[in-house]
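In each ligand, atom 1 is the first atom listed, and ligand 1 is the first ligand listed.
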Amino acid sequence: MNFSQKLRAALSRAQSICVLTGAGVSAESGVPTFRGAEGLWQKFKPEELANFDAFIANPELVWEWYSYRKQVMKNVQPNPAHKALVEIEQLVRDFTLVTQNVDNLHARAGSKNILELHGNIERSYCIECRTFTDDVELSADHKAPRCNTCGGLVRPDVVWFGELLPMDIHQQAVKAAERCDLFLCIGTSAVVYPAAALPLTARERGAYLVEINQENTDLSLRTHETILGKAGEILPQIVHELQSVKERAS
Ligand code: BV8
């Protein structure tokens, strides 16, 4: 793939790279996205499942959905897009991977500096005493899991609509976007806030803003360039380009 002269120049001078990923990065692993034709929101309603009131109203229904997604995520593997991001992290001095995904696939691929903006489906905590537990499921008699410490309701450690993001993680993400010289926005429809504001913050602070998506999004008009295609095919080529510019520079 012939990358633009501007992108190659941005890669050659890149000292600080910040990346934002969405469900599109895990699509090639077999994890359904949200808004695609086969997306989760075609079959399930976010207002019925991904918010606190819905959880309190029907914890079993919400846990059924999260148990289904946990099974899907457990049975898939990181794909070349995840692996390429691990390599990019090793090629630049300052790298931050900000993800909206709760599927833990970046960590399983070996990425280190990950900021999970919307939480992680493999963790859970008690809504009463906030004791954290790993790997809880709906009980055999189809009851929502309870806390071993206080008996309170246990919920997945994900951020639901209408809930604030974990403050420190969000602040670190904003700082990474503000200081980066290259921002890659990969596999996200960029409609959920405040995550979708990060690429705009980076551009405002002078970073070269590149989007990688198989189709144009709400963000495409605000990028320096949008590369259309599959993340699992494009990111390995960006690694190759970064390696060759680094070799030339050394
Ligand atoms: C909050 C965790 C304070 C749970 C998720 C400002 C303006 C408008 C609305 C708001 C605003 N500020 C706040 C809001 C409200 C709301 C919001 O943004 N609503 C949207 C829908 C308009 N935000 C919130 O509620 C946030 N909290 O703001 O708190 C507050 C409180 C009260 C009132 C006001 C403010 C919390 C948001 C977090 C919600 N939790 N996930 C779970 O996963 O179960 S969001 C969830 O949906 C994901 O994490 C992700 O963020 C989003 C899905 O988006 P994507 O990941 O991008 O996936 P999608 O399917 O949409 O797109 C996939 C893309 O990939 C597509 O473009 C496709 O073309 C591409 N693709 C597919 N395959 C490939 C590919 N690209 C490349 N290669 C491929 N192979």
Next item on the list: For the pair Asn101 (side chain) and Gly22 (backbone), establish whether a donor and an acceptor sit closer than 3.5 Å, ignoring hydrogens and angles.
Entry: yes
Check: Within the distance-only criterion (no hydrogens, no angle test), does the side chain of Thr201 pair as donor or acceptor with the backbone N or O of Ala197 below 3.5 angstrom?
Finding: yes
Looking at [options], which one forms a side chain to side chain contact (heavy atoms under 4.5 Å, CB included) with [X]?
| X | options | answer |
| --- | --- | --- |
| Ile114 | Thr99, Asn104, Thr21 | Thr99 |
| Ile186 | Leu20, Ile227, Leu235 | Leu235 |
| Ile169 | Leu117, Val174, Val159 | Leu117 |

Next item on the list: Report yes or no: is the cationic atom of Arg130 (NZ for Lys, CZ for Arg) under 6.0 Å from the centre of the six-membered ring of Tyr125, at an angle within 45° of the ring normal?
Entry: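 Pair Arg130/Tyr125 counts as cation-pi.
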Next item on the list: Kindly indicate whether a cation-pi arrangement holds for Arg155 with Trp63, taking the cut-offs as under 6.0 Å to the six-membered ring centre and within 45° of the axis.
Entry: no
Nearest to [atom], what protein heavy atom do you find, and at what distance?
| atom | answer |
| --- | --- |
| atom 31 (C) of ligand 1 | Gly162 O, 3.3 Å |
| atom 4 (C) of ligand 1 | Val159 O, 3.5 Å |
| atom 71 (N) of ligand 1 | Gly24 CA, 3.6 Å |
| atom 13 (C) of ligand 1 | Tyr193 O, 4.1 Å |
| atom 54 (O) of ligand 1 | Arg35 NH1, 3.5 Å |
| atom 56 (O) of ligand 1 | Ala23 N, 2.8 Å |
| atom 43 (O) of ligand 1 | Arg69 NH2, 3.1 Å |
| atom 78 (N) of ligand 1 | Ala231 N, 3.0 Å |

Using heavy atoms and a threshold below 4.0 Å, how should the contact between [X] and ligand 1 be classified: side chain, backbone, both, or neither?
| X | value |
| --- | --- |
| Glu163 | backbone |
| Val191 | backbone |
| Ala50 | neither |

In terms of atom number and element, which parts of ligand 1 are under 4.0 angstrom from non-hydrogen atoms of [X]?
| X | result |
| --- | --- |
| Leu164 | 3 (C), 29 (O) |
| Gln100 | 48 (C), 49 (O), 50 (C), 51 (O) |
| Gly22 | 56 (O) |
| Gly229 | 77 (C), 78 (N) |
| Glu28 | 78 (N), 79 (C), 80 (N) |
| Glu215 | 69 (O) |
| Ala27 | 73 (N) |
| Tyr66 | 4 (C), 42 (C), 44 (O) |

Checklist line | Common cluster, Val158/Val154, ILVMFWY with side-chain heavy-atom separation under 4.5 Å | finding: yes
Item checked: Residue pairs involving residues 200-224 (criterion ring-ring contact (aromatic ring centres under 6.0 Å, His included); sequence neighbours excluded) ->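 Checked against ring-ring contact (aromatic ring centres under 6.0 Å, His included) - neighbours excluded - the pairs reaching residues 200-224 are Tyr208-His224.
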Next item on the list: Sorted by first residue and then second, give each ring-ring contact (aromatic ring centres under 6.0 Å, His included) pair with at least one member in residues 163-192; sequence neighbours left out.
Entry: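 Not a single pair qualifies under ring-ring contact (aromatic ring centres under 6.0 Å, His included).
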Next item on the list: Name the option, out of Ile121, Leu117, Val192, Thr188, that contains the heavy atom nearest to atom 37 (C) of ligand 1.
Entry: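 Checking each option, the heavy atom nearest atom 37 (C) of ligand 1 is found in Val192.
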Notebook entry, point to check: Which option out of Asn213, Ile234, Thr217 puts a heavy atom nearest to atom 66 (C) of ligand 1?
Noted result: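 Result: the heavy atom closest to atom 66 (C) of ligand 1 is in Asn213.
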Next item on the list: Tell me, with the steps shown, if Asp134 and Arg123 meet salt bridge (Lys or Arg N to Asp or Glu O under 4.0 Å).
Entry: CA-CA 5 Å; Asp134 288 342; Arg123 290 191 307 262; over 6 Å; no
Check: So does Arg8 pair up with Glu241, basic N to acidic O under 4.0 Å?
Finding: yes
Next item on the list: Run the salt-bridge test on Glu128 and Arg146 with the 4.0 Å N-O cut-off and return the result as yes or no.
Entry: no
Notebook entry, point to check: Is atom 35 (C) of ligand 1 close to the protein, meaning a heavy atom under 4.0 Å from it?
Noted result: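 No, because not a single protein heavy atom sits under 4.0 Å from atom 35 (C) of ligand 1.
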Margin query: If we count only non-hydrogen protein atoms and require a distance under 4.0 Å, does atom 39 (C) of ligand 1 qualify as touching the protein?
Written below: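 It does: a protein heavy atom is found less than 4.0 Å away from atom 39 (C) of ligand 1.
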Margin query: Walk me through whether Lys112 and Glu89 qualify under salt bridge (Lys or Arg N to Asp or Glu O under 4.0 Å).
Written below: CA-CA 8 Å; Lys112 297 288 178 272; Glu89 181 167 16; over 6 Å; no
Checklist line | Nitrogen or oxygen of Trp160 less than 3.5 angstrom from that of ligand 1 | finding: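 Looking only at distances, the answer is no, because the N/O contact criterion of under 3.5 Å is not met.
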